[in-house]
Each structure stands twice: as structure tokens, then as C-alpha cells.
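Below you'll find the structure, written out as C-alpha cells, and then a few comments.
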Amino acid sequence: MSTFQAPKGTYDLTPPRSATFLAVREAISAPLRDSGYGYIETPGFENVELFARGVGESTDIVTKEMYTLTTKGGDQLALRPEGTASVLRAALEANLHKAGNLPVKLWYSGSYYRYERPQAGRYRHFSQVGAEAIGTEDPALDAELIILADQAYRALGLRQFRILLNSLGDKECRPVYREALQTFLRDLDLDEETRRRIEINPLRVLDDKRADVQKQLTDAPKLRDYLCDACKAYHEEVRALITAAGVAFEDDEKLVRGLDYYTRTTFEFVHDGLGSQSAVGGGGRYDGLSEMIGGPELPSVGWALGVDRTVLALEAEGVELDLPAVTSVYAVPLGEEARRVLFGVVTELRRAGIAADFAFGGRGLKGAMKSANRSGARYTLVAGERDLAEGVVQLKDMESGEQTAVPLTEAAAELAKRLG
Ligand code: HAM
């Protein structure tokens, strides 16, 4: 082992588990790609101000969890703690919203960084696949995103997840509720930090996990009772559309989310096999974010699913993804001459699109056959001096154990035929 280890709160993805991560990213993005979402990639860091303004000065993410740095040139940057602010910034910068084709639908996949207290399912470097639909207010768009996330999770074979749904109101009704809630909270018996939170982000107090706090919140004013007619109607339509699609959800009026930009629809995907870090994904509408970062009014909605936690959820449910073997053909040369010849065959197979690997390092038959087995290859090609003298290679079917001599010149074609 080296003297170095991965930094606290991070881990490396190594084979074979890394294959599951790739498959999860693929499975989450597939329904998006099939629904008009285009791929976007943004830098791993941004001006710190983007997140301060976008994600919100009152959130834990901005006040406690951001990795910030000052460059040698004096720029204040932050490793991205989330993707929404960056994607919207990039869309505005590229004027995608002006191309006359709203909503601008984008998907992304990447690494995010939060200086959190590490625990099972909570890391300082994690990965998300996300989607943002920018510039349109339409309940069908909110419904589309929820349905696509559900579809992705079902395609992966997940069953023990639940969708929590709420509406946070808009810039008309939320401030009225906020004030009513603050008035109620100020009268409670709470510690200093929570008292401060009442003034900065009162909705977050509803999220407090402590039993003595929750007990005092029983009679707290409910956002539902404060939603304006427009927000109510919008929310009803979202609910009706996902219900019609056969997607089950639970109304959760306590769901507030940890980012400030949300308006109206908010939702979270939770998995019951994950303990305290049960949120596998989350999202919602953020109608005011564009203006908050200096753009025009662009009502938008999106989500991000955590890849790490999705993999943990698969493991918790005991779901084994059907990952096809990476190698179809494994070549085992016995001797110098065979090495040259079989290496040529492997190259030819690869160029024909057949996944092939080779026993490097001139190992003996036994060791090389072990590697062939481990590779999961359906066929092995073995050749020694005598085979070459006869112009053949031994083609072994690893499933049936059957071995046949095939003319060297026809080996690649024969394999292509057998592998369909
Ligand atoms: P978020 O709820 O902060 O939302 O993160 C989404 C998902 O990322 C979480 O549900 C979780 O699976 C994963 N995640 C977050 N933090 C960690 C961590 N420390 N370790 C492991 N996984 C983590 C957002 O980031 C919003 N940008 C989502 C969104 C997109 N809203 C609108 N559009």
C-alpha cells in the first residue's frame, strides 16, 4: 500500500464495482436522452458568487459546505456543490434560451463537492446525474421529469423507493406564509442556533429532526393553507398528470429541501433501505433562480439523482444489474510465434467490433486460462507451435467446454459468426 489514501469522505471507484456506476449513469440518462434532453457539461468550479446567490446565503451548502479557494490571480472560486446554478449560468451565457425553442432541456452527469460530515451514503465528493428544463412554466414539464426519474429507477430494478411531493408556493404566497411561520416559531422554546434559523430560513426549522422540536411544531401554520389559487391549481395539475401516468407518490408538506431557489413543485426520491441518508434524488421548480443570478425571467424545473446512493439502494435491495461481459474473446498464445500471430487476430477482432483481450506477459497455459475465465469471455483462442505448423488455432467455447481447431485465416470470421 502507498503512503497515501483517498481524502476523508471520498472513495475510489475500481473494477468491478465501477461498472455498476457506469451502468447507473447510463440508466438514469437514457430516458432523458429519449425525451429531448441534450447533454451539457460545465466546469467543476465556478465563481463562488454564483452559488452564494443561486443556492442561497442561508443554506448549509453555502455557509458550511462549500470548498472555496482563491486562485493565484485573486479569483474567488468554489468547487461546485450542485449542478443547477451552473447549468442555468451556462445556458444563459450561451443564449440557449434565445434560440426560440423553450424549454431548453438539458441533462448532465458529474462530480460534486460538499464539505459534509462523512457517513454511510454521505460523501465529500459524490456524483449526480441531473436534468434541467429551462424557460417554461407548465405542470406537464414538472410531471415529465418526475415520471422520467421513476422510469429510470424502475428500469434499474429498484422497487423500494418512494416519491415525496410538495409545493413551496411562489413569490406571492410564500412570503405571507414565511411571516406567519416566523411569528409562530418565535414563541417556541428553541436553542440559539434554531432561533437564528427562524430569521434566516424559517422553513428549514420544520425539517428539524429532534423529537422535542417536532413536538412543538404540531400546530405550526401549514404552507398548504397559504398557497395562492394559482399555486394550488398548478400543483393539482402536476399531481393529476403523474397519477394518470401510474406513478405513485406521497404528499409531504414537510418537504422543504436544502436549497433556497425552489418555488412551487418540490420532490424527493427516498429509499427505505439506506438509513439516515435516504434521499437518493431530489428536485423541483426554481422560477426565480435566473433573475437571482442576473438573467431574465425563466421559470424552470429539474432534478438530480445521486449516483452513489442509487448504487447503495441497488445493493440494499439485492438487485444485480445484468452487466454484459466486457470481453467476448480471450487469446492465449503458447510461445513467441503464437504471440505474434494471436496478437494479430485480437487486433483484427477488435477492429471488427468484437471485444477481445490477450494473455500478456508470456504466462503459462494454466495461469492464462485462469485469466480467460475471469474475463468472462465466451470464447478463448489458444495456439501453440504445433497448431501454427498446421495453420490452425484452437477455439474453445467456455460455456460448453467444446474445443475445435479452426483454420487461422478463418478464426476471426468464425468468431464473428458465432457471436452473432
Ligand atoms: P440535492 O438534494 O442537494 O439537490 O442533491 C441531489 C442528490 O444528490 C441527493 O438526493 C443525493 O442522492 C445526492 N447527494 C447530495 N449530497 C450528497 C453527499 N454529500 N453524498 C452523497 N450523495 C449526495 C441538488 O443538488 C439540486 N441541484 C437538484 C435539482 C436539480 N433541483 C433542481 N434541479
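This chain uses plain numbering: 1 for the first residue, then up along the sequence. No hydrogens, no waters, no symmetry mates; every other heavy atom, side chains included, goes into these values. Indexing begins at 1, ligand by ligand and atom by atom, following the structure's order.
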Sub-4.0 Å atoms of ligand 1 with respect to non-hydrogen atoms of Ala304: 6 (C), 7 (C), 28 (C), 29 (C), 30 (C)
Side chain Asp252, main chain Lys254, donor-acceptor under 3.5 Å: yes
Minimum-distance pair of heavy atoms, taken over all atoms of Val280 and Ala313: CG1-CB, 4.3 Å
Gly258 heavy atom under 4.0 Å from ligand 1: no
Ligand 1 contacted by Tyr261 (non-hydrogen, < 4.0 Å): yes
Contacting atoms of ligand 1, where contact means under 4.0 angstrom from a heavy atom of Leu259: 3 (O), 4 (O)
Under-4.0 Å heavy-atom contact with ligand 1, by part of Thr310 that carries it: neither
Distance from atom 1 (P) of ligand 1 to nearest protein heavy atom, with residue and atom: Arg257 NH2, 3.6 Å
Proximal atoms of ligand 1 relative to Gly306 (non-hydrogen, under 4.0 Å): 7 (C), 8 (O), 12 (O), 13 (C)
Option of least heavy-atom distance to atom 5 (O) of ligand 1 (set: Glu268, Glu82, Gln128, Glu132): Gln128
Proximity to ligand 1 by part of Asp308, non-hydrogen separation under 4.0 Å: neither
Plane angle bin for Phe269 and Tyr153 - parallel if under 30°, tilted between 30 and 60°, otherwise perpendicular: perpendicular
Criterion side-chain contact (heavy atoms from CB on, under 4.5 Å) on Arg350 and Asp357, from CA distance to verdict: CA-CA 9 Å; Arg350 288 171 176 168; Asp357 203 355; 3.8 Å; yes
Heavy-atom neighbours of Lys222 NZ exceed 12 at 6.0 Å: yes
Proximity to ligand 1 by part of Glu116, non-hydrogen separation under 4.0 Å: side chain
Arg257/Tyr262 under side chain to side chain donor-acceptor pair (under 3.5 Å): CA gap, chis, key distance, verdict: CA-CA 8 Å; Arg257 311 260 312 125; Tyr262 290 113; 2.9 Å; yes
Geometric class of the Phe360/Phe343 ring pair [parallel <30°, tilted 30-60°, perpendicular >60°]: perpendicular
Contact check, Gln277 vs ligand 1, heavy-atom distance below 4.0 Å: no
Polar atom proximity, Gly281 to ligand 1 (N or O, under 3.5 Å): yes
Top protein contact for atom 9 (C) of ligand 1, by heavy-atom distance: Ala279 O, 3.9 Å
Electrostatic pair Lys417:Glu414 at N-O distance under 4.0 angstrom: yes
Qualifying residue, where the test is ring pair (Phe, Tyr, Trp, His ring centres under 6.0 Å) with Tyr67 and the options are Tyr115, Phe45, Phe51: Tyr115
Atom 32 (C) of ligand 1 - nearest protein heavy atom and its distance: Gly302 O, 3.3 Å
CA sep, side-chain torsions, deciding dist, call: Gln128, Ser109, side chain to side chain donor-acceptor pair (under 3.5 Å): CA-CA 6 Å; Gln128 293 183 340; Ser109 171; over 6 Å; no
For atom 21 (C) of ligand 1, the protein heavy atom that lies nearest, with its residue and separation: Gly121 O, 3.3 Å
Ring geometry between Tyr113 and His125 (parallel below 30°, tilted from 30 to 60°, perpendicular above 60°): tilted
Where ligand 1 meets Arg309 - atom numbers and elements under 4.0 angstrom, heavy-atom basis: 11 (C), 12 (O), 17 (C), 18 (C), 20 (N), 21 (C), 22 (N), 23 (C)
Numbering as shown, the atoms of ligand 1 that approach Arg122 to under 4.0 Å (heavy-atom distance): 19 (N), 20 (N)
Shortest protein heavy-atom distance from atom 30 (C) of ligand 1, along with the residue and atom involved: Thr84 OG1, 2.9 Å
Ion pair Glu236/Arg239, N-O distance below 4.0 Å: yes
Nearest option to atom 17 (C) of ligand 1, as decided by whichever heavy atom of Tyr286, Tyr123, Phe126 sits closest: Phe126
Nitrogen or oxygen of Val280 less than 3.5 angstrom from that of ligand 1: yes
Nearest candidate to atom 31 (N) of ligand 1, where distance is taken over non-hydrogen atoms, out of Tyr262, Phe267, Trp303: Tyr262
Test item, Ala85 contacting ligand 1 (heavy atom, 4.0 angstrom): no
4.5 Å side-chain heavy-atom contact, Ser375 and Val326: no
